[in-house]
Amino acid sequence: MLNIVIFGPPGAGKGTQSKLIIDRYNLTHLSTGDILRAEMANKTPLGIEAKNLIEKGELVPDDIVIGMVRNKIDSEAGSEGFIFDGFPRTIEQAEALDDILGERNTPISAMISLEVEEQELIDRLLKRAELEGRKDDNIEVIQNRIKVYNEVTSSVAGYYAKTGRHRSVDGTGTIEEIFGRISSIIDEVKKSS
Ligand code: ADP
């Protein structure tokens, strides 16, 4: 199996690049944001609990997202591997993911971190707001999501760096250019694993 974390601040392009990666490498896309949005659309108890937090740009509690991820991994037992998108967002989530995958003998091979400067993130998210109308894509909530990323989530990169699994990628340029940078890293990781 090939398990990769795609990482970066809101608006870095994780979802866009994940779609290209799963097609080329035949992997399963596991986006906690997508799962949470589906729960909200179906008005499940979990979705109702998460809605308030998401619409403020706050994180959903660790135990909830860790449980969701565990279920999704188990329901895709035949998968050739996963792209984790939007997860882990805290050190506790990163440790839980290592435990879950450790029990299944399929570790995370690499974290690919998309680097984009803050003003470009804001511009991209405001543009997406016009196109998709996501409730958390307005300027106040965007600013809070970036703040939560800087204060809490960014430290997750250090967790992977400590174990030699962190890889930085320039997240600017065309979608194809960025995908080219990502695929050369994945090809390298595949060769050495
Ligand atoms: P983006 O990367 O553009 O901020 P996502 O679609 O990944 O958006 O996530 C949307 C929201 O869902 C987040 O702002 C957060 O409230 C919640 N969320 C998603 N993944 C997690 C997670 N791993 N831990 C806690 N909350 C999460």
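Side-chain atoms are counted along with the backbone in the values below, which use heavy atoms only and exclude waters and symmetry mates. Whatever order the structure lists ligands and atoms in, that order sets their numbers, starting from 1.
Sorted by chain and number, the heavy-atom contacts of ligand 1 below 4.0 Å come from Pro10, Lys14, Thr32, Gly33, Leu36, Arg37, Ile54, Glu58, Leu59, Val60, Val65, Gly86, Phe87, Arg89, Gln93, Arg128, Arg134, Asp136, Arg145.
When side chains are defined from C-beta on, Phe179 does not count as touching Ser184, because their heavy atoms never get closer than 4.5 Å. Annotation: side chain of Leu101 is in contact with side chain of Ile73 (closest heavy-atom distance under 4.5 Å).
When each of Leu27, Leu30, Thr28 is paired with Ser79, the side-chain contact (heavy atoms from CB on, under 4.5 Å) condition holds for Thr28 and for no other.
Using a cut-off of 4.0 Å between Lys/Arg side-chain N and Asp/Glu carboxylate O, Asp85 and Lys19 are scored as not salt-bridged. A salt bridge links Arg104 and Asp74; the closest N-O separation between the charged side-chain nitrogens and carboxylate oxygens is under 4.0 Å.
Taking the side-chain hydrogen bond (donor to acceptor under 3.5 Å, both in side chains) definition, one finds that Glu115 meets it with Ser113, Ser168, sequence neighbours left out.
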